[in-house]
K.L.:
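Got a structure for you, written out below as C-alpha cells; questions coming shortly.
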Amino acid sequence: MPAPDPSIRVRIAPSPTGPLHIGTARTALFNYLFARHVGGTFIFRLEDTDVARNTVENERDIIDGLHWLRITWDEGPDAAGGDDIGPYAPYRQLRRLERYAAAARHLLAEDAAYPCFCTPEELEADRKAQEAAKQPPRYVGRCANLSPDERAARVAEGRRAATRFRVRPGVVGWTDLVRDRIEIDTANLGGDFVIVRADGTPLYHFTVVVDDAAMEISHVIRGEDHVSNTPKHILLFEALGHAVPVFGHLPLILNPDGTKMSKRKTQTAVSDYRAEGFVQEGFLNYLAFLGWSPGTEEDVLSLDEVVERFDIDKVQKGGARFDRDRLEWLNGQWIRRIEPDDLVDRLRPFVEAAAGDGRIDWVPSDEELRALLPVVQERLPTLGAIVDLVGFLWVDEVTVDPAILVPKRWDAATTREGLGAAREALAAHDGVTWEADELEPPLRELVEARGWKAGDLFMAI
RNA sequence: GCCCUCAUCGUCUAGAGGCCUAGGACGCCACCCUUUCAAGGUGGAGAUCAGGGGUUCGAAUCCCCUUGGGGGCACCA
C-alpha cells in the first residue's frame, strides 16, 4: 500500500439513466486503479439531474455492479437511495441544486454569463440556416449584448431566460495524461453555451465543473468522448476562479466491428455478464487489459496485482474492440482458480435459476455439486455453463438424439446390440461397488467374445 | 460542414532510433496427452509495423502529407 496522498482526488460520476454500462465500469476501474496505485481518494458521485430518465433501479444496478466488481470508493453514496458519506456531501447532484444556482448567479454578476431569451424555434432556425450554408452549428449571439432595457422588456413580455456562458476568443490547451498536448481554438466550440435552462435546471457541462471544483477533484479521468468538451470545462473552471484539474482521456471500447459501442452490437450491461456467469475476477481482468497493459507478458492478474502495476502512461491511445472470446478465456482461467467451497456457492444461483425456468427438474445439493467439481471446474467458460454441461443429471427424463450415440466405426444396430449386451453383463454387479475396476473386466470379456473393439463399446456407453 | 484525435498479426497488445529475421495472449490449424468433451503441453499459419515522402550511418519508433477509423459540435449526459 502506498502512503496516502491527499492531493490526489479522482471520481466516477455516472448518471442513473440506464443500468451500469461496460464503459462506465471501465472508466470507474481506471479511476480506481489510478487512485489506489498512488494512495489517492476515489469518489463516487451521481449525476442525477436528468429527472425524466433517472430511476432508482438504475441507481441500484450501478452501485450493485460496482460492488460486485469490488471497485470501492472512499466518498459518495454507498447504497441506492442511501446516505452520502464524505466531507463534500451531498454527492448527488439533485441535492446540490442550490450550489449550481449560486455559481450561476456569480457568473451572471461578473458578466461571464448572460441571460438568453432565444426561443427554441429561433435556435432551430439558426441551426437550419447554418446547415444549409454548410457552416458548423453555433450560437449566433443574439442575446449576447442586450442592454438592461432590452432585457427588462423581454422579461416584461413574460419570457424566461436561459443562462449562457460567454466563450472568450483564443486557444485553450492542456496536457492530457494519455494523449499529451491538446489545443483547441474556442472559435470551434459552437459559441456561447447554455449552462442553466430557462426552467432553472443546470446543464451537464456546468454541473460537472461546479462539482469537480467543489470536491477538489485533482485528476479528471474519463472517456475520449469528452476531449472536445474539455475546453468548455477549462473555461468554466477559470471563470469560477478554481484551479484547473489534470485531464486524462481514456480510449473508448468499440464494437467488434470497430464502431462506437452500442447496445445493438455488443452486450453493454454489466449485470447481463454477471447473469451469464462471468466471475468478477475475470470480468475485471478483461476490462483492465482493454486499453492498458503492464508491459510484461503477464495476462492473468488480480485486482490487487493490477493496482500494483497500473501506470496511466501505459494506457493505449486508440480505441479497443470488445472481444468476447478473450473475455471467456480469462473467465475460465479465473473459474479454475476458485476454491471449491466458494465455487459451489457461486454455482448455486445458476443451478437454481435453471430450475426456476424449467431447464432442469430439481436442484442438486451442495455435496452433489461439490462432487462434480473435479469433472466440471476446468471446463466451465462461465458459471452458467454448468447447466449445459451436466444439467442432464438433474432432469426427470433425459431425451437424447440416438444418432450421437453411435461410435464412429459402428452402425445403429451394432450400437443397440452392444449397449444391450453390456447391460446384461453388468446386471450381475448391481448392488456391488460399481467402481471402474469392477466393471471393466466383464466388459472386456464381452468385447472379446463378440470380436468388437473395446474403444467402440466404451464410447457408446 | 467544422474541430479534435487515433493508426503494430483477425482481436487485445509488447515496442519510447540500433536488443525486431517485430515478442506475448485470445482465436484458428496440427500433433501429444486422453477409451468422450474440455483443460494442459508442443508446434504452426498469421503484421512488407495503413500508404507515401522526408530526418538519420540506422525508423515500427522522430517530422510532413495522404488514406482509413473514432470522437465532438444540444435549453442530453
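Here is the naming used below: chain letters follow the sequence lines, and residue numbers restart at 1 for every chain. Just so you know, these numbers use all the heavy atoms, side chains as well, and skip hydrogens, waters and symmetry mates.
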K.L.:
Side chain of A:K134: nearest nucleotide among B:C4, B:C76, B:G1?
P.N.:
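Closest nucleotide among those given: B:G1.
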K.L.:
Parallel, tilted or perpendicular: which one describes the rings of A:F247 and A:H249, with boundaries at 30° and 60°?
P.N.:
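Judged by the thresholds at 30° and 60°, the geometry between A:F247 and A:H249 is parallel.
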K.L.:
Just checking A:L330: base, sugar-phosphate only, or nothing, at a heavy-atom cut-off of under 4.0 Å?
P.N.:
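Nothing: the residue A:L330, judged by heavy atoms under 4.0 Å, touches no strand.
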K.L.:
Walk me through it: do A:R337 and A:V300 pass the test side chain to side chain contact (heavy atoms under 4.5 Å, CB included)?
P.N.:
CA-CA 11 Å; A:R337 286 166 165 76; A:V300 182; 3.6 Å; yes
K.L.:
Of all the nucleotides listed (B:U5, B:A77, B:U36), which has the minimum atom distance to the side chain of A:E224?
P.N.:
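When the side chain of A:E224 is considered, B:U5 is the closest of B:U5, B:A77, B:U36.
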K.L.:
Is there a Watson-Crick or G-U wobble partner for B:A59 with both distances under 3.5 Å, and which nucleotide is it?
P.N.:
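Looking at the geometry, B:A59 pairs with no nucleotide.
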K.L.:
For B:A22 versus B:U48, give the span between their C1' atoms, rounded off to a whole number of Å.
P.N.:
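Comparing C1' positions in B:A22 and B:U48 gives a spacing of 12 Å.
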K.L.:
In whole Å, what separates the C1' atom of B:C49 from that of B:G17?
P.N.:
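It works out to 15 Å between them.
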K.L.:
Quick one: label A:T259 by what it contacts on the DNA or RNA (base, sugar-phosphate, nothing), any heavy atom closer than 4.0 Å.
P.N.:
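Result for A:T259 = sugar-phosphate.
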K.L.:
What is the distance, rounded to the nearest whole Å, between atom CG of A:L252 and atom C1' of B:C4?
P.N.:
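Rounded to the whole Å, the gap is 14 Å.
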K.L.:
Classify A:H205 by what it touches in the nucleic acid, base, sugar-phosphate, or nothing, heavy-atom distance under 4.0 Å.
P.N.:
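Here A:H205 touches the bases of the nucleic acid.
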K.L.:
What interatomic distance, in whole Å, is found between C1' of B:C3 and the corresponding atom of B:C20?
P.N.:
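That atom pair is separated by 38 Å.
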K.L.:
Taking the side chain of A:R197 as heavy atoms from C-beta outward, which of B:C73, B:C37, B:C76 is closest to it?
P.N.:
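Looking only at side-chain atoms, A:R197 lies closest to B:C76.
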K.L.:
In whole angstrom, give me the gap between the C1' atoms of B:G70 and B:C57.
P.N.:
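After rounding to an integer number of Å, I get 39 Å for this pair.
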K.L.:
Distance check needed: B:C75 P versus A:E121 CD, whole Å only.
P.N.:
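To the nearest whole Å, that distance equals 13 Å.
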K.L.:
Check the pair A:Y114 / A:D192 against side chain to side chain donor-acceptor pair (under 3.5 Å), numbers first and verdict last.
P.N.:
CA-CA 10 Å; A:Y114 57 86; A:D192 299 341; 2.7 Å; yes
K.L.:
Of all the choices, B:G1, B:A39, B:C4, which nucleotide is nearest to the side chain of A:I182 once you look at every atom?
P.N.:
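The answer is B:C4.
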K.L.:
In whole angstrom, what separates A:D199's CG from B:C75's P?
P.N.:
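It is 13 Å, rounded to the nearest whole Å.
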K.L.:
In the structure shown, which nucleotide is the Watson-Crick or G-U wobble counterpart of B:U36, with both distances under 3.5 Å?
P.N.:
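Pairing partner: none.
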K.L.:
Does A:R127 put a side-chain nitrogen or oxygen below 4.0 Å from OP1 or OP2 of B:C2?
P.N.:
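So the side-chain polar atoms of A:R127 never come under 4.0 Å of the phosphate oxygens OP1 or OP2 of B:C2.
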K.L.:
Out of B:C4, B:C6, B:C75, which nucleotide sits closest to the side chain of A:K317?
P.N.:
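Of B:C4, B:C6, B:C75, B:C6 is nearest to the side chain of A:K317.
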K.L.:
Would you call A:E124 and A:R127 a salt bridge, using N to O less than 4.0 angstrom?
P.N.:
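Yes.
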K.L.:
If you assign each of A:A454 and A:A13 to its closest nucleotide in RNA chain B, which residue comes earlier from the 5' end?
P.N.:
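So the residue in question is A:A454.
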K.L.:
Under 4.0 angstrom, heavy atoms only, what part of the nucleic acid is A:S15 near: base, sugar-phosphate, or nothing?
P.N.:
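It contacts sugar-phosphate atoms only.
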K.L.:
Using atom CD of A:E328 as one end and atom P of B:A39 as the other, report the distance to the nearest whole Å.
P.N.:
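That distance rounds to 12 Å.
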K.L.:
Between B:C73 and B:G27, how far apart are the P atoms? Round to whole Å, please.
P.N.:
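Straight-line distance between the two P atoms is 38 Å.
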K.L.:
Is the closest basic N to carboxylate O distance between A:R45 and A:D211 below 4.0 Å?
P.N.:
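Counted as a salt bridge, because a side-chain N and a carboxylate O are separated by less than 4.0 Å.
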K.L.:
Considering only B:G1, B:G71, B:A77, which nucleotide approaches the side chain of A:K260 most closely?
P.N.:
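The answer is B:G71.
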K.L.:
Can you build the contact string for nucleotides 11-26 of chain B? Use B for base contact, S for sugar-phosphate-only contact, and - for no protein heavy atom under 4.0 Å.
P.N.:
BBSSS-------SSBS
K.L.:
Figure out the CZ/P separation between A:R379 and B:U36, and round it to whole Å.
P.N.:
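Distance check: A:R379 CZ to B:U36 P gives 11 Å.
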K.L.:
For the P atoms, the ones on B:A59 and on B:A50, what distance do you get once it is rounded to whole angstrom?
P.N.:
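B:A59 and B:A50 have their P atoms separated by 15 Å.
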K.L.:
Please pick, from B:G72, B:C75, B:A74, the nucleotide with the shortest atom-to-atom distance to any side-chain atom of A:S228.
P.N.:
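Selected nucleotide: B:G72.
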K.L.:
Quick test of your reading of the model: are A:R346 and A:E339 salt-bridged, counting only N-O distances below 4.0 Å?
P.N.:
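Result for this pair is no, no salt bridge flagged.
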K.L.:
Give me the distance, rounded to whole Å, that separates B:G18 from B:C31 when you measure between the C1' atoms they each carry.
P.N.:
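Nearest-Å result for B:G18 against B:C31 at atom C1': 39 Å.
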K.L.:
It should be established whether A:T201 places a side-chain nitrogen or oxygen under 4.0 Å from OP1 or OP2 of nucleotide B:C75.
P.N.:
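Checking B:C75 against A:T201, no side-chain N or O comes under 4.0 Å of OP1 or OP2.
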K.L.:
How close or far is atom C1' of B:C75 from atom CD of A:E122, stated in whole angstroms?
P.N.:
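Rounded to the whole Å, the gap is 13 Å.
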K.L.:
For B:A16, which nucleotide in any strand shown is its Watson-Crick or wobble partner with both distances under 3.5 Å?
P.N.:
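None - no nucleotide pairs with B:A16, as no candidate has both distances under 3.5 Å.
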K.L.:
What is the distance, to the nearest angstrom, from the CZ atom on A:F392 to the P atom on B:C37?
P.N.:
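It works out to 15 Å between those atoms.
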K.L.:
Starting from P on B:C62, measure out to CG on A:D180 and report it in whole angstrom.
P.N.:
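Rounding to the nearest Å, CG of A:D180 and P of B:C62 are 11 Å apart.
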K.L.:
Is the shortest side-chain N/O distance from A:R336 to OP1 or OP2 of B:G40 below 4.0 Å?
P.N.:
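Answer is yes, contact under 4.0 Å.
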K.L.:
By nearest atom, which of the nucleotides B:U5, B:C73, B:G72 is closest to the A:R179 side chain?
P.N.:
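Nearest listed nucleotide: B:U5.
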K.L.:
Is there side-chain contact between A:V196 and A:L203, with at least one heavy-atom pair below 4.5 Å?
P.N.:
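Answer no - side chains too far apart.
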K.L.:
Using a heavy-atom cut-off of under 4.0 Å over every strand shown, decide if A:R138 touches base, sugar-phosphate, or nothing.
P.N.:
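Nothing, no nucleic acid heavy atom in range.
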K.L.:
Look at the aromatic rings of A:H205 and A:H233 and report parallel, tilted or perpendicular, splitting at 30° and 60°.
P.N.:
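Ring orientation of A:H205 relative to A:H233: tilted.
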K.L.:
Indicate yes or no: does A:E224 engage A:K317 in a salt bridge with an N to O separation below 4.0 Å.
P.N.:
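Here A:E224 does not pair with A:K317 in a salt bridge, since their nearest N and O are not under 4.0 Å apart.
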K.L.:
Going by purine N1 to pyrimidine N3 plus the second Watson-Crick contact, or the G-U wobble pair, all under 3.5 Å, which nucleotide sits opposite B:A50?
P.N.:
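Paired with B:U66.
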K.L.:
In whole Å, what separates the C1' atom of B:C75 from that of B:G71?
P.N.:
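Straight-line distance between the two C1' atoms is 23 Å.
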K.L.:
Any ion pair linking A:R159 and A:E122 (charged N to carboxylate O, less than 4.0 Å)?
P.N.:
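Salt bridge between A:E122 and A:R159, a charged N being under 4.0 Å from a carboxylate O: yes.
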